[in-house]
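Heads up, the thing below is written out as structure tokens.
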Amino acid sequence: MAFSTMLSSHLTFLPFSDAKICPKFYPSPSIILHSISRKIQFGSSNSSFLHNGFSLNMPNFNGFFPVKPMNFSAGVSARAATEKTVHDYTVKDIDGKDVPLSNFKGKVLLIVNVASKCGLTSSNYTELSHVYEKYKPQGFEILAFPCNQFGGQEPGSNPEIKNFACTRFKAEFPIFDKVDVNGPNTAPVYQFLKSSTDGFLGDLIKWNFEKFLVDKNGKVVERYPPTTSPLQIEKDIQKLLAA
């Protein structure tokens, strides 16, 4: 069986209706497979393919790739994730002040990378504000991290981002300093979030408004793709609040 055929059977692509939201990011399966077949070099320990600035490394199996590629770092990452919690990190808020995330101990958290000019912006900000208002009295918090890595859709300064969220969408949940969520300058808290879960194409954050649900002890319990709306997460939030 051709390698591209094997790999295509194990990649999950979002429906075409989702691709219309962010067409620059969601390519067709044929484009990805064509890129893989051209870029991967058998027998090379550093084989990779690049797409939209991301690199996916493949291990060396002396020319043989199993049906499900082995992830040798999974055990190490899982152990590292169990040793830490979200509460071990300190981040800067939108005004540049240090905020220890230990301040949120005992609360259920929804952590999301936000953007001001994405096709998902209006619906997500509206629903995030609704969910926050509804569950904040029960011990729920939303932590929003602006990020400009996806289509340059969060280009503004921190004051501009704050004004946009708070004025247009009446957002009252905490908004933090703009960060990178992928690449060499990934914020430490996002390194932790990604090491605690797996997503499409490994641990990469896929687009604006990817979401992590964190329990009262600071452990990541669920990860949601950008197209999962905040309202769709309500039942999971309710379960953690009741725990």
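Position 1 is the first residue of the sequence, and the numbers go up from there. Keep in mind that what you see is a predicted model, and the values were worked out from it rather than measured.
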Task: Residues, nucleotides or ligands: over 12 heavy atoms within 6.0 Å of Gln138 CD - done: yes
Task: Stepwise side chain to side chain contact (heavy atoms under 4.5 Å, CB included) test for Phe192 and Val220 - done: CA-CA 9 Å; Phe192 166 76; Val220 180; 4.1 Å; yes
Open item on the list: Minimum heavy-atom separation for Pro174 and Ile142, please, with both atom names.
Closed with: CD-O, 3.0 Å
Task: Salt bridge present between Glu141 and Lys136 (N-O < 4.0 angstrom) - done: yes
Open item on the list: Between Asp95 (side chain only) and Lys97 (backbone N and O only), is there a donor and an acceptor less than 3.5 Å apart?
Closed with: no
Task: Minimum heavy-atom distance between Glu154 and Cys147, given as atom pair plus value - done: CB-O, 3.1 Å
Task: Least distance between heavy atoms, Gly106 atom then His87 atom - done: N-CE1, 4.4 Å
Task: Tyr190 versus Val112, closest heavy-atom pair with distance - done: OH-C, 3.5 Å
Open item on the list: How long is the straight-line distance from CD of Gln191 back to CG of Asp180, given to the nearest 0.5 Å?
Closed with: 10.5 Å
TODO: May I ask you to check whether over 12 heavy atoms, not counting those of Gln232, lie within 6.0 Å of atom CD?
DONE: yes
Task: Heavy-atom pair with the smallest gap, counting every atom of Asn208 and Asn113 - done: CA-ND2, 3.5 Å
Task: With sequence neighbours excluded, residues passing side-chain hydrogen bond (donor to acceptor under 3.5 Å, both in side chains) with Asn124 - done: Lys211
Open item on the list: Is any side-chain heavy atom of Tyr135 closer than 4.5 Å to one of Leu241?
Closed with: yes
Open item on the list: Under the rule for salt bridge (charged side-chain N to carboxylate O under 4.0 Å, His left out), what residues qualify as partners of Lys134, not counting sequence neighbours?
Closed with: Glu234
Open item on the list: Using side-chain heavy atoms (C-beta onward) and a distance below 4.5 Å, is Phe209 in contact with Val114?
Closed with: yes
Task: Heavy atoms of other groups near Lys216 NZ, more than 12 under 6.0 Å - done: yes
